[in-house]
Amino acid sequence: QVQLAESGGGLVQPGGSLRLSCVASKSIFDSYAMAWYRQAPGEQRELVASITPDGKTGYASSVMGRFAISRDDSANTIYLQMNNLQPDDTAVYSCNGGPPLALARQEFDSWGQGTQVTVSS
């Protein structure tokens, strides 16, 4: 059984939408917060969105107003609704969880396989 399993990526035209899902193990999901990251080829991994157990959300400025993170505690799942996608959003999207400092520093023991999002006409 994998600890983190991302899905929902694909090829979409600019302006399109995708909904990503991340199923996490209970030990990870029950951490302080969950987050989505993305990494484009040749670039560092970037924190895209985060959500606390109480539902407080945060977003990178580049996705503010376009992406929405949510969580379903009963399913150990977080989601990333991605609207008005642009070519610069092209990346492998991954999820992870931990206390806020770990999220900011990307201090994780492991990652899931990620899911590829490609935005192109």
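Seen from the ring of Tyr59, Arg66 does not count as a face-on cation partner, given the 6.0 Å and 45° thresholds. Geometrically, Arg19 engages Tyr79 in a cation-pi contact, judged by NZ or CZ lying under 6.0 Å from the ring centre and within 45° of the ring axis.
Using modelled atom types and a 3.5 Å distance limit, the side chains of Asp72 and Thr77 yield no donor-acceptor pair. For the residue pair Thr118 and Ser120, no side-chain donor N or O sits within less than 3.5 Å of a side-chain acceptor on the partner.
Met82 has its side chain within reach of Val117: a pair of non-hydrogen atoms, C-beta onward, lies under 4.5 Å apart. Taking 4.5 Å as the limit, some side-chain heavy atom of Leu4 sits within range of a side-chain heavy atom of Cys22. Inter-residue side-chain proximity for Phe67 and Thr57 is flagged as unmet; no heavy-atom pair is nearer than 4.5 Å. With contacts defined as side-chain heavy-atom distances shorter than 4.5 Å, the pair Met34/Pro53 does not qualify. Between Leu20 and Thr115, the closest side-chain pair of non-hydrogen atoms falls below 4.5 Å. Under the 4.5 Å side-chain criterion, counting only non-hydrogen atoms from C-beta, Trp36 is not in contact with Glu46. Two residues are said to be in side-chain contact when any heavy atoms from C-beta on lie closer than 4.5 Å; Lys56 and Ser50 fail this criterion. Put simply, the side chain of Phe29 reaches to within 4.5 Å of the side chain of Asp73, judged on heavy atoms.
Rounding to the nearest 0.5 Å places CD1 of Ile78 at 9.5 Å from OG of Ser21. Atom OG of residue Ser121 and atom CD of residue Gln13 lie 7.0 Å apart, to the nearest 0.5 angstrom. Expressed to the nearest 0.5 Å, how far OG of Ser70 lies from CD1 of Ile51 amounts to 6.0 Å.
Checking each of Gln39, Arg38, Gln116 against Tyr93 for a side chain to side chain donor-acceptor pair (under 3.5 Å) leaves exactly one that passes, namely Arg38. Val119 pairs in a side-chain contact (heavy atoms from CB on, under 4.5 Å) with only one of the listed residues (Leu11, Leu18, Val12, Asp88), which is Val12.
Closest approach of Gly114 and Ser94 over heavy atoms only: CA-OG, 3.7 Å.
Note on Ile28: it does not cluster hydrophobically with Leu103, by side-chain heavy-atom contacts below 4.5 Å among ILVMFWY residues. Val92 is not connected to Val48 by any chain of hydrophobic side-chain contacts under 4.5 Å among Ile, Leu, Val, Met, Phe, Trp and Tyr, and they are in different clusters. Grouping the Ile, Leu, Val, Met, Phe, Trp and Tyr side chains by contacts below 4.5 angstrom, directly or via other members, places Met64 with Leu80.
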Checklist entry - Going through the checks in order, is the side chain to side chain contact (heavy atoms under 4.5 Å, CB included) test met by Ser17 and Gln81? => result CA-CA 7 Å; Ser17 298; Gln81 179 65 48; 4.0 Å; yes
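A ring-centre distance under 6.0 Å is found for Phe108 and Tyr37.
When the side chain to side chain donor-acceptor pair (under 3.5 Å) test is applied to Gln86, the partners found at least two apart in sequence or on another chain are Asn84.
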